[in-house]
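Report on the structure given below.
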Amino acid sequence: MIYLVEDDESIRELVVYTLKSQGMDAKGFERPSLFWKELEKEVPALILLDIMLPEEDGISILRKLRTRLDTCKIPVIMLTAKGTEYDVVMGLDSGADDYIPKPFRMMELISRIKARLRRAEDKGAEEYHLENLYLCPGRHIVTVGQEPVNLTLKEYEMLVLLLKNSGMVLSRTQLLNQIWGYEFDGESRTVDVHIRTLRQKLGSAGDLIETVRGVGYKIGR
């Protein structure tokens, strides 16, 4: 099931119709209050979320979703007319998985949705051990020297991606595209900030994340 929170009736109906025509179950909600009510009945596989909404803005909704145990891992794609870098960063740093500015092409939206659903399904099978660092995606556990480490969603996803590509150098652009799903027009400090806080939280294992000057980051040999 896919939920769409969008107050523009024409967009809401078109997106829901297109999703259903592609064999996906979908429900649209004009107001956040209707969305929250339905969420108590059924937790969806993915949420499409506008920013400019009556009652409550999309960023507020997103932050609430990320604090709930039953919704913190649900993929969320922001659909909004706002396209400035500030609005993009606000959405991504609040936990959005992707960001598509309006007007958007329907087949691109479908492609992004399928990619996010595949990624959600793929998470959880592997376990990673690297020196004193241990990560289990299936149980969402990160430990250093058997001590638990609490990470934000983006820090966690960045660590998983680095471990999954152990020994490979990932550029900032690759990290942005694969974790946030948005290609910035210019260089952004978003990746560097998250790497810095990730290293700090990993403590003695933080040095496992290497900076490859002028390129990006890697973990492992």
Side-chain angles (χ1 to χ4, degrees), residues 59 62-63 66 73 75-78 80 82-101 104-105 108-109 111-116 118-120 122-137 140-145 147-221:
I59 297 296
L62 178 60
R63 287 172 176 164
R66 291 305 182 224
K73 298 179 186 177
V76 176
I77 299 178
M78 307 299 289
T80 177
K82 288 193 171 185
T84 67
E85 183 169 325
Y86 173 79
D87 295 310
V88 171
V89 172
M90 279 288 291
L92 298 178
D93 284 352
S94 296
D97 295 277
D98 206 345
Y99 190 104
I100 305 179
F104 51 83
R105 292 171 294 183
E108 178 186 2
L109 175 62
S111 177
R112 299 271 194 102
I113 289 173
K114 288 181 177 179
R116 289 295 159 183
R118 282 196 301 270
R119 184 178 298 178
D122 289 342
K123 285 182 180 179
E126 312 94 339
E127 290 187 0
Y128 301 97
H129 298 264
L130 186 61
E131 296 187 14
N132 62 339
L133 173 64
Y134 168 75
L135 187 147
C136 176
H140 208 274
I141 292 174
V142 179
T143 63
V144 174
E147 291 296 321
V149 178
N150 294 319
L151 302 176
T152 67
L153 178 64
K154 293 305 179 189
E155 291 166 352
Y156 173 80
E157 290 186 340
M158 184 171 291
L159 182 58
V160 170
L161 187 59
L162 287 168
L163 287 169
K164 185 174 289 188
N165 295 277
S166 182
M168 297 177 57
V169 181
L170 299 179
S171 69
R172 290 172 177 82
T173 299
Q174 286 176 305
L175 290 167
L176 283 168
N177 289 343
Q178 293 190 53
I179 295 173
W180 283 272
Y182 183 87
E183 185 175 355
F184 285 88
D185 293 332
E187 184 178 353
S188 170
R189 292 191 297 273
T190 300
V191 170
D192 300 323
V193 170
H194 281 76
I195 287 288
R196 184 168 64 249
T197 58
L198 177 57
R199 281 172 169 158
Q200 291 171 349
K201 291 181 179 180
L202 291 178
S204 61
D207 291 339
L208 293 172
I209 301 175
E210 299 179 38
T211 300
V212 180
R213 193 171 299 277
V215 183
Y217 300 95
K218 74 169 185 174
I219 193 168
R221 301 294 179 183

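Side-chain atoms are counted along with the backbone in the values below, which use heavy atoms only and exclude waters and symmetry mates.
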Is the closest side-chain heavy-atom distance between [X] and [Y] below 4.5 Å?
X: Leu133; Y: Tyr128; result: no
X: Lys218; Y: Asn165; result: no
X: Leu130; Y: Ile219; result: yes
X: Leu175; Y: Thr190; result: no

To the nearest 0.5 Å, what is the distance between [atom1] on [X] and [atom2] on [Y]?
X: Leu163; Y: Ile209; atom1: CG; atom2: CD1; value: 8.0 Å
X: Met168; Y: Leu161; atom1: CE; atom2: CG; value: 9.5 Å
X: Ile113; Y: Asp98; atom1: CD1; atom2: CG; value: 9.5 Å
X: Thr197; Y: Lys154; atom1: OG1; atom2: NZ; value: 13.0 Å
X: Asn150; Y: Glu155; atom1: CG; atom2: CD; value: 10.0 Å
X: Arg112; Y: Ile77; atom1: CZ; atom2: CD1; value: 7.5 Å

For the student: nearest non-hydrogen atoms of [X] and [Y], plus distance:
X: Leu62; Y: Ala96; result: CD2-N, 3.5 Å
X: Val144; Y: Val149; result: CG2-CG2, 3.7 Å
X: Glu210; Y: Gly220; result: OE2-O, 4.3 Å
X: Pro148; Y: Thr143; result: CA-CG2, 4.0 Å
X: Tyr217; Y: Leu162; result: O-CD2, 3.9 Å

- Item | Thr152: which of Glu157, Lys201, Met158 passes side chain to side chain contact (heavy atoms under 4.5 Å, CB included) |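 Of the listed residues Glu157, Lys201, Met158, the side chain to side chain contact (heavy atoms under 4.5 Å, CB included) partner of Thr152 is Lys201.
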- Item | Asp97 with Arg66: basic N within carboxylate O range, under 4.0 Å |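 The answer is yes: the pair qualifies as a salt bridge.
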